[in-house]
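Data block below; observations after.
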Amino acid sequence: MSRLKSNLAVTGIYSVFIILLFTTMYPIIWVVGTSLNPGNALLVSSMFPKHPSLVHYGELIRNTDFVLWFANTLKIAAINAVISTLLVAVTAYAFSKFRFKGRQQALMTLLVLQMFPGFLSIMAIFVLLLQTKLLDTHLGLILIYAGGSISMGTWVMKGHFDTIPKSLEEAAFIDGASTKDSFFRIILPLSLPSITFVALNSFITPFMDFILPQIVLRSPEKMTLAQGLYSMVANETNSSFTLFAAGAVFVALPITVLYMFFQKYLIHGMTSGAEKG
């Protein structure tokens, strides 16, 4: 009887994984298939085209501003990754290694802030950027991303910092190291998994986000990939679904490669942050 229950449990687990795999892969296969279909219409596209063609990929590069959109997004993503990771690391180090009044309340505030979607503050962000003359600038968008990354990233990185023995820092202080030396020469090198996790998530956010760029960026030459691709299917007179699908594949490829390359660091970063957060 116990063996039967065990087999049923294993079967149930595998069934759930198969369903999740199907629901994940189905839209991906449709997007790839649509990008290989001739023409621009979505209704006549098929998941497995009879005469697949790469013409849309070439057309996307030659006849659209895809390269400009990609360059804008890449610049925003790279700068955001650097600034966000530095801000999160400094904040997490302060909460992990120092004891000060209001520490627990501040940590709980950061935790609560994660529960609210970012678009709830769109009006406040718009007014703030307008008053500081940062509206329609990449810098304004980067500052929003960097500020928003602190609430989530701090808990992840703090959990990893908590696992580093305090004796390592104490030994460095005895040898004459400062707090800055301890942070850059001991804590950060030992926290590569959590740093990678925060940096990669910060890098990928501009590639995935549509709402904030649509609010902040107004000039066509400053558009991100999400805005540019959306413009291809935004209305009835401009519905290049196959081009949109080709663009989606182009966007997914570098992100997929990054996730595969840093997979072990991502998993270690998430688990270490969860253990002692």
Side-chain angles (χ1 to χ4, degrees), residues 1-37 42 45-49 52 77 81 84-85 88 92 96 107-108 110-120 148-164 190-211 225-226 229 244-277:
M1 187 67 178
S2 60
R3 186 173 181 179
L4 177 61
K5 290 182 179 179
S6 177
N7 290 336
L8 289 175
V10 171
T11 303
I13 292 172
Y14 275 103
S15 299
V16 171
F17 280 128
I18 290 173
I19 293 173
L20 291 175
L21 179 63
F22 176 78
T23 55
T24 302
M25 294 302 299
Y26 182 79
I28 295 176
I29 295 173
W30 252 114
V31 170
V32 175
T34 301
S35 71
L36 299 175
N37 274 274
L42 179 64
S45 300
S46 60
M47 185 181 297
F48 303 101
S84 295
T85 305
V88 169
S96 176
L107 280 172
M108 289 306 301
L110 291 177
L111 185 63
V112 171
L113 287 175
Q114 298 180 48
M115 303 177 185
F116 296 93
F119 65 83
L120 292 180
S149 67
I150 295 177
S151 59
M152 181 196 74
T154 297
W155 275 92
V156 174
M157 201 171 286
K158 174 188 173 297
H160 194 95
F161 288 172
D162 288 344
T163 64
I164 300 175
L190 293 175
S191 306
L192 188 59
S194 60
I195 291 173
T196 304
F197 173 78
V198 173
L200 191 55
N201 275 279
S202 300
F203 181 84
I204 290 174
T205 297
F207 283 89
M208 300 296 188
D209 187 31
F210 170 74
I211 296 178
L225 276 171
L229 292 178
F244 176 88
V249 174
F250 266 138
V251 174
L253 284 177
I255 295 175
T256 303
V257 171
L258 283 174
Y259 264 108
M260 292 178 65
F261 186 77
F262 293 107
Q263 183 179 15
K264 63 177 181 180
Y265 295 111
L266 289 172
I267 294 174
H268 191 186
M270 286 186 289
T271 54
S272 64
E275 285 171 2
K276 305 238 178 170

#### Entry: Ala252 backbone acceptor or donor facing Thr256 side chain under 3.5 Å
yes
### Task
Compare every heavy atom of Thr163 with every heavy atom of His160, then report the nearest pair and how far apart it is.
O-OG1, 2.5 Å
### Interatomic spacing from CZ in Phe250 to CG in Leu225 - rounded to 0.5 Å
11.0 Å
### Query
Run the side chain to side chain contact (heavy atoms under 4.5 Å, CB included) check on Phe203 and Ile255 step by step: do they pass?
CA-CA 9 Å; Phe203 181 84; Ile255 295 175; over 6 Å; no
### Minimum heavy-atom distance between Thr85 and Ile195, given as atom pair plus value
CG2-CG2, 3.8 Å
### Message
According to side chain to side chain contact (heavy atoms under 4.5 Å, CB included), who are the partners of Ser84, at least two apart in sequence or on a separate chain?
### Response
Asn80, Ala146, Ser149, Ser202
#### Entry: Set of residues satisfying side-chain hydrogen bond (donor to acceptor under 3.5 Å, both in side chains) with respect to Thr205, sequence neighbours excluded
none
## Note on the structure
Closest non-hydrogen atoms of Ala248 and Leu229, given as atom of the first, atom of the second and distance, are N-CD1, 4.2 Å
### Message
Counting C-beta onward and ignoring hydrogens, is there a side-chain heavy-atom pair between Pro254 and Leu258 closer than 4.5 Å?
### Response
no
#### Entry: Spacing of Leu200 atom CG and Phe261 atom CZ [to the nearest 0.5 Å]
11.0 Å
### Message
Would Asn201 and Val156 count as a side chain to side chain contact (heavy atoms under 4.5 Å, CB included) here? Give the steps.
### Response
CA-CA 12 Å; Asn201 275 279; Val156 174; over 6 Å; no
#### Entry: Distance, nearest 0.5 Å, that separates OG1 of Thr24 from CD1 of Ile29
10.5 Å
### Query
Quick check: does any side chain N or O of Thr154 sit under 3.5 Å from a backbone N or O of Ser151, one acting as donor and the other as acceptor?
no
## Note on the structure
Minimal heavy-atom distance between Trp155 and Leu107, with the atoms involved, is NE1-O, 3.2 Å
